[in-house]
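Taking it in order: structure first as structure tokens, then the write-up.
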Amino acid sequence: MGTEWKRKVSLFGAFDDYEASLSALSTKLSRASISGGAAAANPPRINRWNRRPYSARYLKLLKKRRALPVWQQKDEFLRALRDNQTLILVGETGCGKTTQIPQFVLEAEGLGDRPVVACTQPSRITAMLAARHVAQEMDVTVGYEVGYSVRFEHCWSRKTVLKYLTDGMLLREAMADPLLEKYNVIILDEVHDRTLATDVLFAHLKEVLKKRPGLKLVVMSAYLEAEKFQGYFSGAAPLMKVHGRLHPVDIFYTQKPERDYLEAAIRTALKVFEPGPPSLRGGPPGRKIVVSTNIAETSLTIDGIVYVIDPGFTKHKVYNLRIRVESLLVSPICKGSANQRADCAGRTRPGKCFRLYTDKSFNEDLQPQTYPEILRSNLAYTVLILKKLGVDDLVHFDFMDYPAPETLMRALEVLNYLGAFDDEGNLTPLGEMMSEFPLDPQMSKMLVISSKYNCSNEIATIAAMLSAQNCFLRPREARKAAGEARVRFGHIDGDHLTLLNVYHAYKQNDEDPQWCYDHFINARALKYADNVRRQLVGIMTRFGLKMCSPNFNSSAYYANIIKALAAGYFMQVALLEQNGHYRTVKNNQIVDLHPSNSMYHKPEWVIFDEFVLTTRNFIRTVTDVRGKWLIDVAPQSTLL
DNA sequence: GGGAAAACT
């Protein structure tokens, strides 16, 4: 059965007109003087930032840069920046906003000789790529005048005037320096993503702007929620719109809804296209098919993509307030995502996008935007950060979208049980320490407490392993072998200890990737865990927490570790019932041990890391714990 | 006896 396609008008129907007017405009502009007119036509020979003569490459790149759409509005932008504390810029994909706007800002009047500008990105990769790219354009070395800062990688110096960083990293910086005083201008980029960190920064920066009249904020988004953003920033922030430069993308819809989007996607890829292109320079002939997650929806450009097949679904996080569990659900995408997916086809030349749904469902069923992450998350960690930022009154904190009050209450409750807050709701010294760890509060609690149980080395390892992806690989073609390999790491008392075994074995085998491969261990996950562990140990050492291990030959070795685990996870405990199922203590949910667990018995009490809703309710990563140990560490009310 | 996200600190 083939799929009937219905052709719809191009998303960029006005493109030709737009391009014509653009080229007319650029001719006009090259005659007239644009911003810094004479200077732009005859750029200075000495680079202001490193006092070196400009290279030939600089001039070549400058020519390219000046052809980007955002340059048409450089003057307008600089005027708006001069006259306003906050401004909003909507720039479509391909307009050059991420690379050019920060450079414009550096040229703005009134910021002094060496301003420092921060520009946030939603991902590490875009932050690093943007920094490298802009350093070239500015004819400086990345890490000096232009730098970046992402977790595990800081590449900037005291000379840095422009720093790209992940939004989470700027939030971290704000925790140490709430007024972010080292920056003259902060640019929040890709805010349409509405990540948790961006939303917290929005509300926080709104306060900072009142306290620092000299600070300027530029908010950049790929598409418009103009009223929302403008209304949020007191209605005073001006809005600029820059059209992107994309090639036209034809959109096709299916005539009927598709039942199986995977099957339909494969069928579409194999049938509805022209033959693949001939081979290039002796390479294999044909067409490359990229299977991508939602990373392709972001500003990351994959060169040469012409066709996009969009099944119309995404897997995204939802938070179930009633059972206090985050889970993943496959759900329809929003219109914004659909358009971003289509945009991928038009980056390098005109393209086509095949949507595996009807135009009717696009128009009538898809929401304009996904709910921002802050409305779909457990906020325990976020609330800890907010407290550290100095937010005393969560109820009146100015979120752009306000989370359900119950979600905030739950978060406060968890933090209170963990001992992060005192009775007045202020951070305790323990809470202060916990907030420094890039971990969920249960985990930071067990880390801080672990020295007392003489097992901080082991708990740091377990926390790191829990932070990484599942380290056990199970390739379809070698399931049995993978299962056997896994059993060799298994610890009969539970999965947390199994993770400890895996890490130890990894280190004993010199972090050898081949060893990982042979034992069906995900080498990348282990490498990541090792990075995390190093960072955690760094923070612990800074706080003067002793790094120590119990005597391995003592019978108390594992008991100590599990007691420290319990000190953080006493709210994630389940009790075996007579019918063989477990009941979670805090929310009375009937659950089963996930079959991947490493125990040969069903303990009366277990600590679990995750609650997963799949074919049934499972608890995953579980460890045997004595009831008495729980009573020792848990506040009375949590076990009732 | 099972089912897989992305990103961030």
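Just so it is clear, the values below take in all heavy atoms, side chains as well, and ignore hydrogens, waters and symmetry mates. Because the structure is predicted, anything quoted here is derived from the model rather than measured. To find a chain, count down the sequence lines: A is the first, B the second, and so on, and within it residues start at 1.
- Taking atom CG of A:Asn531 as the reference point, atom P of B:dC8 lies 13 Å away to the nearest angstrom.
- When each of B:dT9, B:dA5, B:dG2 is scored by its nearest atom to the side-chain atoms of A:Phe618, the top-ranked nucleotide is B:dG2.
- For A:Arg616 and B:dG2, the shortest distance from a side-chain N or O to OP1 or OP2 is below 4.0 Å.
- Put simply, A:Ser123 has no side-chain N or O that comes within less than 4.0 Å of OP1 or OP2 on B:dA7.
- At a threshold of 4.0 angstrom between heavy atoms, the contacts of A:Arg479 include nucleobase atoms, whether or not backbone atoms are also involved.
- Between A:Phe472 atom CZ and B:dA4 atom P there is a gap of 17 Å when expressed in whole angstrom units.
- Each of B:dG2, B:dG3, B:dA6 was ranked by its minimum atom distance to the side chain of A:Pro595; first place goes to B:dG2.
- One finds a salt bridge joining A:Arg194 and A:Asp199 here, because a Lys/Arg side-chain nitrogen approaches an Asp/Glu carboxylate oxygen to under 4.0 Å.
- Put simply, A:Ser596 has no side-chain N or O that comes within less than 4.0 Å of OP1 or OP2 on B:dG1.
- Projected onto DNA chain B by closest heavy-atom contact, A:Gln469 and A:Gln535 fall at different nucleotides, the more 5' of which corresponds to A:Gln469.
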Contacts table for residues 162-172 of chain A: side-chain donor-acceptor under 3.5 angstrom, sequence neighbours left out:
unit_1: A:Lys163; atom_1: NZ; unit_2: A:Glu173; atom_2: OE2; d: 3.0
unit_1: A:Lys163; atom_1: NZ; unit_2: A:Tyr183; atom_2: OH; d: 3.1
unit_1: A:Tyr164; atom_1: OH; unit_2: A:Thr98; atom_2: O; d: 2.8
unit_1: A:Thr166; atom_1: OG1; unit_2: A:Met169; atom_2: N; d: 3.4
unit_1: A:Asp167; atom_1: OD2; unit_2: A:Thr195; atom_2: OG1; d: 2.4
unit_1: A:Asp167; atom_1: OD2; unit_2: A:Thr198; atom_2: OG1; d: 2.9
unit_1: A:Arg172; atom_1: NH1; unit_2: A:Ser435; atom_2: O; d: 3.1
unit_1: A:Arg172; atom_1: NH1; unit_2: A:Glu436; atom_2: O; d: 3.2
unit_1: A:Arg172; atom_1: NH2; unit_2: A:Tyr381; atom_2: OH; d: 2.8
unit_1: A:Arg172; atom_1: NH2; unit_2: A:Ser435; atom_2: O; d: 3.4
unit_1: A:Arg172; atom_1: NH2; unit_2: A:Phe437; atom_2: O; d: 3.4

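- Distance from the side chain of A:Val150 is smallest to B:dT9 among B:dT9, B:dA4, B:dG2.
- Ionic pairing of A:Arg488 and A:Glu484 is not present here: no N-O contact between side-chain nitrogen and carboxylate oxygen is shorter than 4.0 angstrom.
- Side-chain nitrogen and oxygen atoms of A:Lys317 include none within less than 4.0 Å of the OP1 or OP2 phosphate oxygen of B:dA6.
- Taking atom CZ on A:Arg534 and atom P on B:dT9, their separation rounds to 16 Å, with Å as the unit.
- Proximity of residues 374-386 of chain A to DNA chain B (heavy atom under 4.0 angstrom from any strand atom) is restricted to A:Tyr381.
- Aromatic ring pairs are classed by plane angle as parallel below 30°, tilted from 30° to 60° and perpendicular above 60°; the pair A:Tyr503 and A:Tyr506 is tilted.
- The A:Thr166 side chain lies nearest to B:dC8 when the options are B:dC8, B:dG3, B:dG1.
- When heavy atoms are screened at a 4.0 angstrom cut-off, A:Arg476 is found touching base atoms of the nucleic acid.
- Following rounding to the nearest Å, A:Glu173 (CD) and B:dC8 (P) show an atom-to-atom distance of 16 Å.
- For A:Thr99 and A:His133, the side-chain atoms include no donor-acceptor pair closer than 3.5 Å.
- The side-chain contact (heavy atoms from CB on, under 4.5 Å) check on A:Ala523 picks up A:Cys516, with sequence neighbours excluded.
- Side chain of A:His594, nearest nucleotide from B:dA5, B:dG3, B:dT9: B:dG3.
- Residue contacts for A:Arg474: at a heavy-atom cut-off of 4.0 Å it reaches a base atom on one of the strands shown.
- In this structure, A:Phe152 places its CZ atom 14 Å from P of B:dA7, rounding to the nearest Å.
- One interatomic measurement links the two molecules: CE of A:Met128 to P of B:dC8, which rounds to 8 Å at whole-angstrom precision.
- Taking atom CD of residue A:Glu190 and atom P of nucleotide B:dA7, one finds them 15 Å apart after rounding to whole Å.
- Side-chain proximity of A:Met169 to the nucleotides B:dG2, B:dT9, B:dA7 is greatest for B:dT9.
- Which of B:dT9, B:dA5, B:dG2 sits closest to the side chain of A:Arg151 comes down to B:dT9.
- A:Leu418 is listed as a side-chain neighbour of A:Met571, based on a closest heavy-atom distance under 4.5 Å.
- Summarising the geometry, the separation between CG on A:Leu165 and P on B:dC8 is reported as 13 Å, rounded to the nearest angstrom.
- Between the NE2 atom in A:His581 and the CG atom in A:Asn579 there is a gap of 5.0 Å [rounded to 0.5 Å].
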